[in-house]
Structure formats: structure tokens, C-alpha cells
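Have a look at the structure below, then the notes.
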Amino acid sequence: MSGQFQPVEVFDLVIFGGTGDLALRKLLPALFHRFADGQISAGSRVIGIARDRLDESEYRARIRAALERTLAAEAHSATMLEQFLQLISYRALDATQDHGWSELATMLNVADGRVRVFYLATAANVFVAICERLRELGLTQGKVRVVIEKPIGHDLRSAAAINDAVGRAFAERQTFRIDHYLGKETVQNLIALRFGNALFEPLWSAEHIDHVQITVAENIGVESRAAYYAGAGALRDMVQNHLLQLLCMVAMEPPASLEPDAVRDEKLKVLRALRRIDAGNADQLTVRGQYRAGASAAGPVPGYLEESGRDDVRTDTFVAIKAEVANWRWAGVPFYLRTGKRLAARVSEIVIAFRAIPHSIFAPAAGPIAPNKLVLRLQPDEGVKLWLMIKSPGPGGLRLRRVPLDMSFAEAFGVRNADAYERLLMDVVRGNPTLFMRRDEVEAAWQWIDPILNAWAASDDLPKPYTAGTWGPSAAVALIERDGRTWHEDAD
Ligand code: BG6
């Protein structure tokens, strides 16, 4: 396996929030896989930082336990795991206190010139304090990058304030704003499909595309993140970043190259072309929901209010939006976006629904002719399906049938589906920001989101209730059905 991967330069990765959920569930498993595949060069170091008073062996033990949990379903070598743990060290440090910083600086040894990555896997309210310290200690110069996690702010103003503060310590080219959806295999494949084939691009416009659907459905609830989620809701947590980034990848003009700014310039134009949704039209174009008690595959589940233990009747755990990219390529093509927690299944997909044929030459007995659809599935089973009409096999008259040209990546290539963080972490070390959000993109996304948030805040309506384990409030079905369309279902 390892032959496929080019080792990256030796690096130090400092993870602030080193004992947190993101580090244990995503970052360290991703690093382990890159290590096991031989992509991380010997001598690289991963330094966990958190407030907990742990020594190195206690920290490693936590990581070992977390990795064993995450890797339980996969074959992995215990020796490899032990070797990986040797890369890891720990420093107890409170971002807002003086103690421990100079020891960290000494440990990092600025003079060695190696790649240094600071990953801020913490709440956004400590980003500023951390960046300030790193600047004061002279740790921001050289081959240094900072990674910041969403949410970057809770509106345009707060996002700009965070960007300003980070910008005082790090140049834009050093700043990697991560949106892990951009690292998903299928999103990469969208680029490959669109720009590596001559077939799709001539059809990629309002002339041939009827509408686009982007669904990111989760079956989990808010779980242990209630405190964060209450202040966010699905619009801020998922739409402002993941869904809008997917929309940009679908709608952008072909960039001249895959150079970071070439791609990001095109995405920015899409964000700026989104038709404004505000108090004047939010009622017709948006639906928000909140789950009530219901059931998941594992049995009964509580509603959002009981699960979070909060009285947040206004928090949206579901959002559906009819968006439009108001430019020459896309005018009049609805982009239906939908995301929510505690939905019927964990499914993320982008559906490109082509227009119906202009004229049918078939007798009614041939059956209905469904328009073509290109479905890019991000999860759970990544792949691409192109739905086509074919003749039903055998004699008995010309009857038509709808079938998918089906390419499931795992089946087609027999490879493990790498987690998005694996690719993105290696891109950070390599210093390639193509799949990361530039400051102006984040702010343009907020610029579109803010008027929706304001419209909702000003409205007396509450999010519509939906039963956990369903596809959201019926108003979300009505949002698309009143246009004579339906949400895609895989068995369609
Ligand atoms: C995160 C959100 O960004 O994405 C979570 O904060 C959400 O609420 C998660 O659960 C979904 O990511 P994935 O990769 O599991 O679809």
C-alpha cells in the first residue's frame, strides 16, 4: 500500500484541544493511517496540548484507547500502533495562562526549520489567545501553518473579528480554514468528473440541468455537543460551511488550474452570486425544524429538548433551503439544500437532475421516461451513479426501464475509504491550501447566511417539529414538491 504515497516532509504538529473529541476521534486516527501507509516521515512529532494535568504516558494511553476503539473494525497491526504512539507527546497548558508556553517554544526549537503546524481544535473563543502567544514567542515564522476549525464565528461580524485576530499572527497563506467536506473522496471526484471528462461540462448549466439537490442527513442527534449546538443550529453548523462548499464545487466555473487561488476565486464568485434570502422571502424559501422523540434503528430516542436538557425551542436541528445561483450559467435552476440531525438515515449526496427529453418517440406502453440524474454519494458508501433509461431486456415490445450506471468506489477499487482528515492533514503539511477556505469565502458565506438568521430571529414562528427517524418536517417535502419535483431516493 505504502508505495502509493509520497512521504511528506518531517513535521511537528501541535494539537490544541489534544484531549478533545475531534483530536481523539478524527485527527489522531487520520494520522495513524497516514503513518501506517508510510506517508509520515520518521522524526515527525505530534504534540497534544490541553489543560488536563496528564503525563506523556497517560496521554498516550488515552490515545491508544481511542485508536483501538476507532480501529476496532479494521485490521491493524499492534506493533504499528505502538510505533505511532512513539511520535506523540503531551504538554499541559492553559491557553489563557502564562505557564508552560516557553517550555513549548523550547521543545519546538524554532531553529530546526522543520514544518510546524498548529491545529486549533478548540472552541473559537481561545483562537485569539493562542495565536497571540504563538506570535509573541516567535513561533509563527518559517514553514509554519495554522489550522482553524469551523465554526469560524457565528455571523459575519464575529467571523471577521476571528479572521483579523488570526491574521495578526499568521499570513493568509499560512492559514488553513478546514472544512472536512472538501476532503471527502466524492468531492474530489466531482472535480475529476467535471473537469477530467468532456462529457459533462457541455451539459453543466441551466440549459440541461433542471435542478440540483444537496442532502447531508445524519441519524445521530446532538449527543454531547448540546452546549455548542444550541448556539449554532443546523444552518450555522452545516449549511454555512459544508453544504455551501459542496454547492460551490457543483456550481463554480471551470478554474484555469487546480492552483489554490484559481479554485477559490471561482468558489467565491458562486457565493457572491447566491440570491439573497431575507425576511421578504425566507418563508417561501427556507424550512427549519427541530426533532421530537421518535426512533432510530437502535430503538426509541428522545427529542432535541430532552436530549440537550435545554429549553432551546428556537434551535434548528433541520434546515431545507431553495437557493439560487443568480448568474448566466445557473439562472432559474433551484439548488435544494437539506440537512438535519436524527433523520431516517445517514446519507450525504449531491443529485444533479437533468432536464426531461424534449419529445418522446415511444408509445405510452413503453412506460414513463424519467429524466437522467447524476448522483454523487459522499456517504455512507462513496460512489457515483448515473441514472439512465434503457430498454427492458428481452422480447415483448419496447419497454423502457431506469437503471443506474453504478460505481461504488470501495467496490470498484477495493480500497479502504480514507477519512477526509487524512488528505487534509497531509495537504496542510505540504502547504497546499486548495481544499481550505480562504478568508473571503468564509465571509461571503456568512454574508448570505446572516439575512436568513435575521429573518428567522425576527419571526414569531418556531422550527417545525419532526419525529426523530423521519426525513424532517413535511414543510421540507412541500418546499420541493410545490415546484413539481421530489427529494431523490436511492431506489428511484
Ligand atoms: C461537523 C458538524 O462539522 O460535521 C457536526 O459540526 C456533524 O454536527 C459533522 O455531525 C458531520 O460530519 P460527517 O463527516 O460525519 O458527515
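Please read all numbers here as calculations on a predicted model, not as lab measurements. Whatever order the structure lists them in is the order used to number ligands and atoms, beginning at 1.
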Inter- and intrachain pairs under salt bridge (Lys or Arg N to Asp or Glu O under 4.0 Å), touching residues 424-436, at least two apart: D427-R430

Residues forming a ring-ring contact (aromatic ring centres under 6.0 Å, His included) with F170, sequence neighbours excluded: none

Could you check E253, R438, R272, Q245 and say which one makes a side-chain contact (heavy atoms from CB on, under 4.5 Å) with K267? Q245

Please report whether the ring centroid of F318 lies less than 6.0 Å from that of Y291. no

Might you list the protein residues in contact with ligand 1, defined as having a heavy atom under 4.0 Å from one of its atoms, sorted by chain and number? K150, H180, Y181, K184, E218, R225, D237, M238, H242, K341, R346, Q379

Can you list everything that forms a ring-ring contact (aromatic ring centres under 6.0 Å, His included) with F16? Sequence neighbours excluded, please. W101

Considering only NZ, NE, NH1 and NH2 on the basic side and carboxylate oxygens on the acidic side, decide whether E218 and R346 come within less than 4.0 Å. no

